[in-house]
Amino acid sequence: MTCGSLRVDDAGRSVTLRGWVNRRRDLGGLIFVDLRDRYGITQVVFNPQVVPAAHEVASRVRGEFVLEITGTVRPRPEGTANPNLATGEIEVEASAVAVLNEAKTPPFYINEEVEVDEALRLQYRYLDLRRPGMQSNVLLRHRLVKRMRDYLDARGFCEVETPCLIKSTPEGARDFLVPSSAHPGTFYALPQSPQQMKQLLMVAGLDRYFQIARCFRDEAQRADRQPEFTQLDLEMSFVGQDDVMALMEALYVELVKEHGGKRIQEVPFPRLTYADAMARFGSDRPDLRFGLEIQDVGPALAGTGFKAFATVLEAGGQVKAIVATGCGSYSRREIDGLTEIAKRAGAKGLATIAVESNGVRSPIAKFLREQEQQALTSDIGASPGDLVLLVADEAATVAKVLSALRTELGTALGLGDPSVLAFCWVTEFPLLEWDEDGSRWDATHNPFSGYLPEDEPLLDTDPGSVRALQYDLVANGAELGGGSVRLHRRAEQERIFALMGYDRSAMADRFGALLDALEYGAPPHGGIAMGVDRLVALLTDAPSIRDVIAFPKSQRGIDMMFDAPSAVDQTQLEELGLSVAVPSSNSTNP
RNA sequence: GGAGGCGUGGUGUAGCGGCCUAACAUGCAGCCCUGUCAAGGCUGAGAUCGCGGGUUCGAAUCCCGUCGCUUCCGCCA
């Protein structure tokens, strides 16, 4: 019997309830106690004339005391039902009550949805998690993960646990290191993902693998990034990217259904190539809930007399625009706000043109010919009342700036319906990007990704334009996960590593096991890794994934409850053959 | 590594050079109250305004530093 289960049909039953005191209302004679557990709230009434002993105990009870109450279920008197409560038609008349434990007054409200300083919440996480909002996040997460397991199990997938103590490969994010006492001076690393292991499981013939995998990355935190996080990791043999995408798409439709409360904008999920996404939205994870698409006005400005644009175009840069619908009346102050966002994203400036019924209002109007003004307004769909935002710079900056402005306008204009999920797939990412610092090619996603067969010749002539068999799932501007069809022949994999600057011995040292395995009948395979924390945060509208992780770290990676990381005993260090170079005051937290 | 925001009774906020002997709500404590459900009424306790330094006749308020939380950039194969 729980505090959420009793209904009118249970009237007359004798029941025992255990839970926490959500609220106590002492009317002098009658005392009402709202007893709360994970399942709900039930009103318990103590009548001094019926059971004086129980009433006496109830008068001393306080918030968050743990009680065991025995009593009789009965319908509430006419007119006193509470429609806000699932159990609001009934109450339990207590015949006996035991205080299983007392409770100090909590440091913050558990029975009210009030914003509390996050440091305090993290310090008393067990109380924070007692709050209904946090509980529903944890419970939803459980249901979603169970659904993932059921879905994949039903399709022949095998859940395999891969180790958390693995070899450090100093690629990508910084590794968390774990010293070995058996081999002083050497270290394990915690996995950034089970990538190589899952590929080896394909070589093993497991065929369809998945894991709810914990991943570790020693990098700066964000609202959507924790040092440890959870992925739904999976890999399949004998598949192409459409197979993986179709599998995931059907799963995510189910997961959204499991949550309820949100509608998917478009099924099947629209697909965009990376090039398309960058051209139209300036981002490889566009929020498709609204338009405000980026438009290229460079061609129409060929030979323009406006120096700021002409210089950029001559240097091979771009001039692009978005039409901010209905923002033509933006004040100087509001436009300054947009300029500030543009500059923070790397722009040197932001040009604006307000379209009015009898012309335009713009600081740059006097530099533009009549025909150019038209190209920058009506030709790109701007009507009176709209504001055109123009950015001129090299392509990457233009994309970044206009994407930031588009996101800002989407928020400011309320264009993103929070009850809608606009999923999309982004495909054909560049396989490699030039790393200026290292003077070498680097994998944009992961070095094991395959590429479009027709782009193979470009590996020799123009590696930067080779398109990967890589796909990301995006929703409402958030990257939910990504995967690829992998290279499964040693020579192909080595060719990529070579472009990345590895010689044979470096390859053998870092990826020897995988490379060897590719020579023993590795099947074609591909897979994907989906962020579990981000999915739950998206579905619950949580502002941070900390709200969907039971015991998260603070932004500086601190566990506020256990005060980790912390300094360790000298003897522990000695066993590991380690000495610490920083002063101990820097390695403990005050 | 860098930039911004926040830090005031237990909690959430107000106050932003002198009206501050720091306000409001809630929580907490006591008393009253037999149909409440954010119960109600009355009374009361509770804050050296994150910490350190400075400017000033005077600092919660301005300046500098520092600590903590947080957002973003860099970083995140």
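Naming convention: chains lettered A, B, ... in sequence-line order (proteins, then strands); numbering from 1 in each chain. In this text, all values refer to a predicted model and were calculated from it rather than measured experimentally.
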Rounded to whole Å, please give me the gap between [atom1] in [X] and [atom2] in [N].
X        : N      : atom1 : atom2 : result
A/Asn111 : B/rG12 : CG    : P     : 15 Å
A/Arg121 : B/rU70 : CZ    : C1'   : 12 Å
A/Phe46  : B/rG35 : CZ    : C1'   : 15 Å
A/Leu127 : B/rU11 : CG    : C1'   : 13 Å
A/Asp117 : B/rG5  : CG    : P     : 18 Å
A/Glu64  : B/rC28 : CD    : P     : 10 Å
A/Glu91  : B/rC37 : CD    : P     : 14 Å
A/Ile110 : B/rA38 : CD1   : P     : 18 Å

Work out how far the [atom1] atom of [N] is from that of [M], and round it to whole angstrom.
N      : M      : atom1 : result
B/rU61 : B/rG17 : P     : 11 Å
B/rC57 : B/rC67 : C1'   : 32 Å
B/rA59 : B/rG12 : C1'   : 25 Å
B/rC75 : B/rG7  : C1'   : 28 Å
B/rU13 : B/rG74 : C1'   : 35 Å
B/rA25 : B/rC63 : P     : 31 Å
B/rC76 : B/rC49 : P     : 43 Å
B/rC72 : B/rA45 : P     : 45 Å

Side-chain ion pair, [X] and [Y], N-O less than 4.0 Å:
X        : Y        : result
A/Asp37  : A/Arg18  : no
A/Arg440 : A/Glu433 : no
A/Glu394 : A/Lys400 : no
A/Asp34  : A/Arg23  : no
A/Glu118 : A/Arg546 : yes
A/Arg490 : A/Asp516 : yes
A/Glu228 : A/Arg217 : no
A/Asp26  : A/Arg24  : yes

Q.
Please encode protein proximity along nucleotides 71-77 of chain B as a string of B, S and -, counting only heavy-atom distances under 4.0 Å.
A. BSBBBBB
Q | Heavy-atom protein contacts under 4.0 Å, nucleotides 29-34 of chain B, coded B base, S sugar-phosphate only, - none | A | SS--BB
Taking a pair as Watson-Crick or G-U wobble with both distances under 3.5 Å, which nucleotide is matched to [N]?
N      : result
B/rG68 : B/rC6
B/rA23 : B/rU13
B/rA77 : none
B/rG44 : B/rC28

Q: Indicate yes or no for a side-chain donor-acceptor contact from A/Thr87 to the backbone of A/Ile41 under 3.5 Å, with no hydrogens or angles considered.
A: yes
Q.
Determine whether a donor-acceptor pair (N or O, by modelled atom type, separation under 3.5 Å) exists between the side chain of A/Gln493 and the backbone of A/Pro447.
A. yes
Q) With distance as the sole criterion, is a donor-acceptor pair present between the side chains of A/Asp233 and A/Tyr209 under 3.5 Å? A) yes
Q) Does A/Phe108 lie flat on the base of B/rU11, that is, centres under 5.5 Å apart and planes under 30° off? A) no
(Q) Between A/Glu93 and A/Pro106, which residue's closest nucleotide on RNA chain B lies nearer the 5′ terminus? (A) A/Pro106
Q: Select base, sugar-phosphate, or nothing to describe what A/Leu120 touches, counting heavy atoms under 4.0 Å on all strands.
A: sugar-phosphate
Q.
Is the phosphate of B/rA39 approached by A/Arg25 (side-chain N or O, under 4.0 Å from OP1 or OP2)?
A. yes
Q.
I need the residues from residues 72-89 of chain A with at least one non-hydrogen atom less than 4.0 Å from RNA chain B; give them sorted by number, or say none.
A. A/Arg74, A/Arg76, A/Pro77, A/Thr80, A/Ala81, A/Asn82
Q. When only distance counts, do a donor and an acceptor, one from the side chain of A/Glu112 and one from the base of B/rU26, lie under 3.5 Å apart?
A. no
Q | Smallest separation among heavy atoms of A/Ser403 and A/Gly282, with atom names | A | CB-O, 3.4 Å
Q. Looking at A/Thr42 and A/Cys3, what are the two nearest heavy atoms and their distance?
A. OG1-O, 2.7 Å
